[in-house]
Structures are given as structure tokens and as C-alpha cells.
Amino acid sequence: MLTSQLFAGARTLGLVARRNIGIAAPAMQKVSDPIQQLFLDKIKEYKAKSAGGKLVDPSPETEKELKNELERIAKTYGGTGKEDMTKFPEFKFEEPKLDPINQTQ
């Protein structure tokens with residue numbers, strides 16, 4: 001009897017918690033839960049720092065490791081080291097020259 005009451009109470013608490021999270025998070029407004037508000041503030045701060053696609057707060061070791069990896073990738077895939085290996089390659093397809101069709105033969 002006590003066990004069934006505990007399970008019923010746990011289910012009720014779980015539903016209430018899901019409802020609060022589901023309603024508060026998509027609104028992106030001031031949230032009543034300070035933990036959720038801190039999380040949203042950190043996401044906004046990270047978005048501002050990562051503008052331009054650069055690393056956020058990189059250490060000198062991290063920058064050096066990134067440079068070494070990009071050089072290694074350039075050597076592996078035939079780059080000279082001067083190309084930007086992080087951008088997608090551009091393909092140029094030329095139209096093939098076809099012989100004209102002679103319908104009289």
C-alpha cells in the first residue's frame with residue numbers, strides 16, 4: 001500500500017517537472033528556476049563569443065594543435081598548406097564537346 005502511494009507520488013512529481021520545463025524553456029524569457037536561467041544565460045554568452053566560427057577562449061596549446069592538425073590534413077589530401085582546408089571544395093564541371101549528329105547518313 002505504501003509502495004503504491006510512493007509510485008503515484010513520484011509519477012505526479014515527474015509530470016509536474018516535465019510540464020514546468022516544457023513551458024518555460026521554449027519561451028526563452030525570464031525563467032522562475034535560477035538553474036534554467038543560468039543555463040540560458042551561458043548559451044547566449046557562448047553564442048556571442050563564437051560569432052564568426054572561431055574557437056571560444058582557445059588556449060595557446062589548443063591553437064597550436066589546431067594548426068598542426070590542419071597542416072597534417074593539407075599534406076594528407078594534397079594541399080600546399082596555403083589553402084583553407086576547412087572550407088568545402090569548389091567543383092568545376094565543363095560541358096563535354098560532342099560530335100554533331102549527321103542525320104543524312
Side-chain angles (χ1 to χ4, degrees):
M1 178 88 157
L2 182 61
T3 307
S4 63
Q5 288 177 347
L6 287 174
F7 284 135
R11 268 187 261 131
T12 304
L13 288 175
L15 292 175
V16 170
R18 268 187 268 151
R19 286 186 191 143
N20 287 342
I21 292 170
I23 292 171
M28 296 298 273
Q29 299 171 354
K30 289 291 181 183
V31 182
S32 61
D33 185 9
I35 303 299
Q36 288 180 354
Q37 186 61 46
L38 181 64
F39 180 73
L40 293 175
D41 292 341
K42 288 295 181 179
I43 288 176
K44 290 175 185 175
E45 179 183 335
Y46 182 83
K47 181 180 178 184
K49 285 183 177 181
S50 67
K54 296 184 179 181
L55 294 175
V56 177
D57 299 333
S59 66
E61 296 85 24
T62 306
E63 289 178 350
K64 183 178 178 183
E65 185 179 340
L66 176 64
K67 182 182 174 190
N68 289 339
E69 288 297 318
L70 289 175
E71 287 175 359
R72 184 183 63 80
I73 289 171
K75 288 178 186 175
T76 302
Y77 294 104
T80 61
K82 296 180 182 177
E83 298 98 15
D84 183 13
M85 296 299 286
T86 60
K87 97 176 177 183
F88 194 78
E90 295 179 12
F91 299 105
K92 296 177 184 173
F93 298 105
E94 297 178 7
E95 282 292 323
K97 294 183 180 181
L98 301 175
D99 292 334
I101 299 175
N102 191 354
Q103 296 180 356
T104 58
Q105 291 179 352

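Computed over heavy atoms, backbone and side chain alike; hydrogens, waters and symmetry mates excluded.
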Subject >> Evaluation steps, side chain to side chain contact (heavy atoms under 4.5 Å, CB included), between Lys47 and Lys44 >> reply: CA-CA 5 Å; Lys47 181 180 178 184; Lys44 290 175 185 175; 5.6 Å; no

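Ring geometry for Phe91 against Phe88 counts as perpendicular: the plane angle is over 60°, on a 0 to 90° scale with 30° as the lower cut.
Atoms CZ and CG, on Arg72 and Leu70 in that order, are 9.5 Å from each other to the nearest 0.5 Å.
Side-chain contact, Gln37 with Asp41: a donor N or O sits under 3.5 Å from an acceptor N or O.
One hydrophobic cluster, built from ILVMFWY side chains closer than 4.5 Å, cannot hold both Tyr46 and Leu38; they sit in different ones.
Under the rule for a side chain to side chain donor-acceptor pair (under 3.5 Å), Glu71 has no partner lying at least two apart in sequence or in another chain.
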Please output the side-chain donor-acceptor pairs of residues 56-65 that fall under 3.5 Å, not counting sequence neighbours, one pair per line with the distance.
unit_1: Asp57; atom_1: OD2; unit_2: Lys49; atom_2: NZ; d: 3.0
unit_1: Ser59; atom_1: OG; unit_2: Glu61; atom_2: OE1; d: 3.3
unit_1: Ser59; atom_1: OG; unit_2: Thr62; atom_2: N; d: 3.2
unit_1: Ser59; atom_1: OG; unit_2: Thr62; atom_2: OG1; d: 2.8

